[in-house]
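Everything below concerns the one structure shown next.
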Protein chains: 2
Amino acid sequence: MRSTKQRNVILDIINNSCSHLDAYGVYEEARKQISNISLGTVYRNLNALEKSHLIDVVYDGTDKIRYDKKDFHQHFICVKCHKIIDIYDLNFKNISTYKNNVVMNCKIILEGICEKCQKEE
Amino acid sequence: MRSTKQRNVILDIINNSCSHLDAYGVYEEARKQISNISLGTVYRNLNALEKSHLIDVVYDGTDKIRYDKKDFHQHFICVKCHKIIDIYDLNFKNISTYKNNVVMNCKIILEGICEKCQKEE
DNA sequence: CTTCTAACTAGTAATGATTACTATTTAATT
DNA sequence: AATTAAATAGTAATCATTACTAGTTAGAAG
């Protein structure tokens with residue numbers, strides 16, 4: 001993967017933001033630095049950066065994919081307004097609430113390479 | 001929410017499947033029982049059932065939303081082939097592998113109603 | 001049982017997030 | 001400086017999902 005101005009700007013935007021931007025949000029931020037950057041370039045780089053494990057994705061329950069820095073933490077997601085709250089102090093002892101937010105469900109997803117795909121590498 | 005033939009068939013398909021079907025997969029199964037069921041009806045009911053917490057959604061890393069029965073378990077998702085493996089015996093003591101599948105990341109998402117949305121109810 | 005009506009459906013059109021394509025540019029190696 | 005594979009801008013295409021409309025139906029009330 002080559003180092004380009006566009007890719008560096010996009011990675012910096014993700015790493016310096018706490019707002020879980022979607023692709024268009026990243027595009028709007030990036031245009032402040034590279035006025036004619038293409039939306040396709042933003043999509044292509046977000047996919048490439050995610051594939052290289054340099055950024056993470058978050059699904060907030062809408063149809064948009066949101067992007068997040070690689071920084072170990074968990075999320076609370078409101079099923080009504082789709083707000084995402086970063087959790088840096090998860091405590092499984094009382095998981096029915098997290099700071100006045102009512103918890104209804106807990107999803108745990110392990111991501112990795114399955115047995116079959118390891119053999120094909 | 002009224003009980004309709006279409007809605008019952010769709011809920012049954014989700015509850016009797018282990019394959020994390022997407023909307024079109026549910027549509028194909030449903031047509032075996034209601035030959036002229038509409039794809040729009042499938043989408044509308046999947047959304048309604050999820051909103052009523054009768055079914056769950058799973059994101060496998062593709063652009064398709066997959067549906068799952070409400071049955072407390074966790075998921076392993078392969079980042080290469082997007083296979084979803086159900087986990088009923090999660091053990092945090094050694095999380096670097098799950099049954100020969102290499103774990104690279106663990107996402108924990110709490111879902112619920114945020115403080116602001118509670119006040120607006 | 002009949003009437004009533006809001007909720008639901010089938011079928012189709014529209015939307016919009018994402019991806020694909022193409023000519024041009026550029027990082028970085030030789 | 002020359003070379004070239006990878007990347008980009010701009011635009012067109014894709015396709016999962018949602019919206020719309022006229023007709024149908026579940027289920028409550030008389």
Side-chain angles (χ1 to χ4, degrees), chain A residues 1-14 19-52 54-68 77 79-82 84, chain B residues 1-14 17 19-68 77 79-82 84:
Chain A
M1 192 157 68
R2 264 178 12 190
S3 164
T4 65
K5 194 181 169 191
Q6 288 82 351
R7 180 161 296 157
N8 296 335
V9 163
I10 289 166
L11 183 56
D12 277 354
I13 287 166
I14 301 294
S19 49
H20 311 96
L21 296 166
D22 62 8
Y24 200 86
V26 174
Y27 172 62
E28 287 181 315
E29 286 299 310
R31 283 215 293 184
K32 293 177 185 171
Q33 294 179 63
I34 305 170
S35 61
N36 71 328
I37 194 170
S38 165
L39 183 56
T41 296
V42 172
Y43 272 102
R44 197 167 6 79
N45 278 296
L46 289 170
N47 280 335
L49 290 167
E50 201 248 325
K51 214 162 218 172
S52 305
L54 293 169
I55 63 173
D56 228 326
V57 301
V58 190
Y59 300 96
D60 67 0
T62 70
D63 59 346
K64 280 177 197 145
I65 296 172
R66 298 190 169 277
Y67 294 88
D68 202 1
I77 299 176
V79 298
K80 290 192 81 175
C81 69
H82 306 291
I84 303 171
Chain B
M1 192 157 67
R2 264 177 12 190
S3 163
T4 66
K5 193 180 169 193
Q6 288 84 349
R7 180 161 297 158
N8 296 336
V9 164
I10 290 166
L11 184 55
D12 278 352
I13 287 166
I14 301 293
S17 165
S19 51
H20 312 96
L21 295 166
D22 63 9
Y24 200 86
V26 173
Y27 171 64
E28 287 180 315
E29 285 300 309
R31 283 214 294 184
K32 293 175 183 171
Q33 295 179 62
I34 306 170
S35 61
N36 72 328
I37 194 170
S38 165
L39 182 56
T41 297
V42 173
Y43 271 101
R44 198 169 4 80
N45 278 297
L46 288 171
N47 280 334
L49 291 167
E50 201 249 324
K51 213 161 217 170
S52 304
H53 309 289
L54 293 169
I55 63 174
D56 227 325
V57 301
V58 190
Y59 300 97
D60 67 1
T62 70
D63 60 345
K64 280 177 197 144
I65 296 171
R66 297 189 169 278
Y67 293 89
D68 201 2
I77 299 176
V79 298
K80 289 192 81 174
C81 70
H82 306 292
I84 302 170

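Per chain, numbering begins at 1; letters A, B, ... match sequence-line order.
Within the 4.5 Å cutoff, the side chain of A:Val57 has heavy atoms near those of the A:Tyr67 side chain.
Contacts classified as salt bridge (charged side-chain N to carboxylate O under 4.0 Å, His left out) and involving residues 21-37 of chain A (residues at least two apart or in different chains) are given here: A:Asp22-A:Lys64, A:Glu29-A:Lys32.
For B:Arg31 and C:dT9, the CZ to P distance is 17 Å, given to the nearest whole Å. Rounded to an integer number of Å, the gap from CD of A:Glu28 to C1' of C:dA17 is 14 Å. One atom, CG of A:Asp60, and another, P of C:dA17, lie 12 Å apart when rounded to the nearest Å. Atom C1' of nucleotide C:dT9 and atom CD of B:Gln33 are separated by 17 Å, given to the nearest angstrom. Put simply, CG on A:Leu21 is 16 Å from C1' on C:dA17, counting in whole angstrom units. One can place CD1 of A:Ile34 at 7 Å from P of D:dA9, the figure rounded to the nearest angstrom. C:dA28 atom P lies 10 Å from atom CZ of A:Arg7, rounded to whole Å. Distance, B:Tyr27 OH to C:dT12 P: 10 Å, rounded to whole Å.
In this structure, A:His20 contributes its side chain and A:Arg66 its backbone to no donor-acceptor pair below 3.5 Å. Remark: side-chain polar atoms of A:Ser38 are paired, donor with acceptor, to backbone N or O of A:Gly40 under 3.5 angstrom.
Taking only side-chain nitrogens and oxygens, A:Gln6 never comes nearer than 4.0 Å to OP1 or OP2 of C:dT26. Proximity of A:Thr41 to the phosphate of D:dA9: a side-chain N or O atom is located under 4.0 Å from OP1 or OP2. Residue A:Asn36 has no polar side-chain atom (N or O) positioned under 4.0 Å from OP1 or OP2 of D:dT8.
The rotation axes computed at either terminus of the helix from C:dC1-D:dG30 to C:dT30-D:dA1 lie 40° apart, taking five pairs at each end and rounding to 10 degrees.
Atoms CD1 and CD1, from A:Ile55 and A:Ile14 in turn, are 5.0 Å apart once rounded to the nearest 0.5 Å. With values rounded to the nearest 0.5 angstrom, A:Leu54 atom CG is found 11.5 Å from A:Leu46 atom CG. The distance from the CD1 atom of B:Ile37 to the OH atom of B:Tyr27 is 8.5 Å, given to the nearest 0.5 Å. For the atom pair A:Leu21 CG and A:Ile10 CD1, the distance stands at 11.5 Å (nearest 0.5 Å). Once rounded to the nearest 0.5 Å, the distance linking CD1 of B:Ile77 with OH of B:Tyr59 reads 11.0 Å.
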Report task. Going 5' to 3' through nucleotides 12-30 of chain D, assign each nucleotide B (protein heavy atom under 4.0 Å from a base atom), S (under 4.0 Å only from sugar-phosphate atoms) or - (no protein heavy atom that close). Result -> ----SBB------BBS---
